[in-house]
Amino acid sequence: MIETRNLRKRYGDVVAVDGISFKVEPGQVLGFLGPNGAGKSTTMKMLAGFLTPSDGSAAICGHDVVESALEAKRLVGYLPEGAPSYGEMSVLGFLEFIADIRGLGGETRRRRLDDAIGRLSLQGVVQQSIDTLSKGFKRRVGLAQAILHDPKVLILDEPTDGLDPNQKYEVRGLIQAMAKDKTIIVSTHILEEVHAVCNRAIIIARGKVLADDTPAALEARSRFHRAVSLSADNANAVRDVLVRIGDVAAVEIDAQDQRVTAFPRAGKAIFGAVVEALKSNGIQVREIALEQGRLDEVFRQITTPSKEAA
Amino acid sequence: MSPTRILFRRELASYFATPVAYVFIVIFLLLSGAFTFYMGGFYERGQADLQPFFGFHPWLYLFLIPAVAMRLWAEERKSGSIELLLTLPVTMGQAVAGKFLAAWAFIGIALALTFPIWITVNYLGDPDNGVILASYLGSLLMAGAFLAVGSCLSAMTRNQVVAFILTVVACFLLLLAGFPMVLDFFRGMGLPQGVIDAISGLSFLTHFNAISKGVMDLRDLFYFGLMIGFWLYATTIVIDLKKAD
């Protein structure tokens, strides 16, 4: 479990994290979203015990990250941004070092090493020095290091950065497989990742929490939520038909691919009415889809200083 | 195994995983040999002792030890591994001590490899081996003090070159403080003897010379212990202050 209360971090006059409070329970995978410089990494560094909060508190399973730092650090597996490690060491040497310092011994040590190496498919490179590995492998070594002691809490700063699509898929699978009994925080820029692994998302910008919800609920904030998009030969004719439907708030035609999107009025479902109208007007569509909502649009809407406030 | 020991082992092994260790040891041995025989006049003096050998150690260390110390923390900060290290279940003190002790042990290995000169002097004459042992100990302690200064200054920057230069300057001042010329300069300024003694008491040179004469004064040992302790403690503070940037 992770709990933060009014967590703050100042660098001189700059407030990087400005009073963040949240609580994450075991079984939750929390996605940490935000633009660059929003305070994601700083928050994670404080949770991992690297930086000392300027104000407020954070606790890992009840252990305060400042008061009982060692106990908190023992419970956390942490992948720092950029997955740093000791380049001159071999992968196995590095992981053995981590195992020693994490106090793993005997049978457990061997089993945990085998498990971490297996889960991240590092078997082929265990004897290579880390400096000679590709970016993807380095990242996986960092992940192996983080999960080595089977921690209760995992804090992963951009775990899939620099991985190819296949490796991303594997790492997401890995996170999901471990999610059952662990508390996991993942920071990412990649919004599709939130869908793939997280059951909760926090959007922060300028050091403040701006949204805290499930990915689905966040999507529902999008104006694309429950919108209907379709492609047909005569886009303008389609538009003329759709604007006459009562629950349709607006119809837009994409300038590039001529795709027509009909937006519903708040809380209304229009898919049935749209299909009905198209049929009764004898319009042939090539393809039609019900939109779930677009996370990237919600993200932009939340994190850019708002137009509606102006 | 204690965390300090695990860190110590990892650090020491990392010296030998790169050419750094071998280059350092070879240069250290070559220079100390050259100084002893050419500049120190080891043979010409006709005395069975290692004074010309140990006499150059402070100046040898002045450039070689900052080269070892500069990577201690600057490299960790540059590569970001400091973030990994300090989020492992180790205390700051253990991390600082583990890294320092590994570097010190490494210098100790280089120093131990000068043993042929000890064999030589024993073969050629009948030296006082007690004095030689004391000198080795004094040299090692002085190396530790240089290294502790370097550890602290290395933590201040992520640039190893800056760390090197700062350490050379700081160590140079600490050496210089015991130089007769410098002390005469202060005496010329009309400072009281107490102040002159205090300045000379700060110097590595004063205490090293005392030990290497074979005089084991507790105060000299205490001085180096205190120096090392102080600079290592300063290291922990500097890391705490600077780790965010």
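Letters A, B, ... are given to chains in the order of the sequence lines, protein chains preceding strands, and every chain is numbered from 1.
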Residue, of A/K45, A/R74, A/E81, A/Q145, that accumulates the most heavy atom pairs under 4.5 Å with chain B: A/K45
Exceeds 12 heavy-atom contacts within 6.0 angstrom, atom NZ of B/K78: no
A/D100 bridged to B/R10 by N-O distance under 4.0 Å: no
Chain A contact via B/E76 - side chain, backbone, both or neither, heavy atoms under 4.5 Å: side chain
Which of A/P80, A/G87, A/S129 touches chain B most, by non-hydrogen pairs under 4.5 Å: A/P80
Proximal component of A/L79, with respect to chain B [non-hydrogen, under 4.5 Å]: neither
Structural part of A/E96 lying under 4.5 Å from a heavy atom of chain B: neither
Positions in residues 79-95 of chain B that reach chain A, provided some heavy atom is under 4.5 Å away: B/S79, B/G80, B/S81, B/I82, B/E83, B/L84, B/L85, B/L86, B/T87, B/L88, B/P89, B/V90, B/T91
Flag if over 12 foreign heavy atoms under 6.0 Å of CZ, A/R8: yes
Check: A/Y86/B/E11 side-chain N/O donor and acceptor closer than 3.5 Å: no
Within residues 13-20 of chain B, residues adjacent to chain A where the heavy-atom gap is under 4.5 Å: B/S14, B/A17, B/T18
Residue part contacting chain A, namely of B/R5, when any heavy atom lies under 4.5 Å: neither
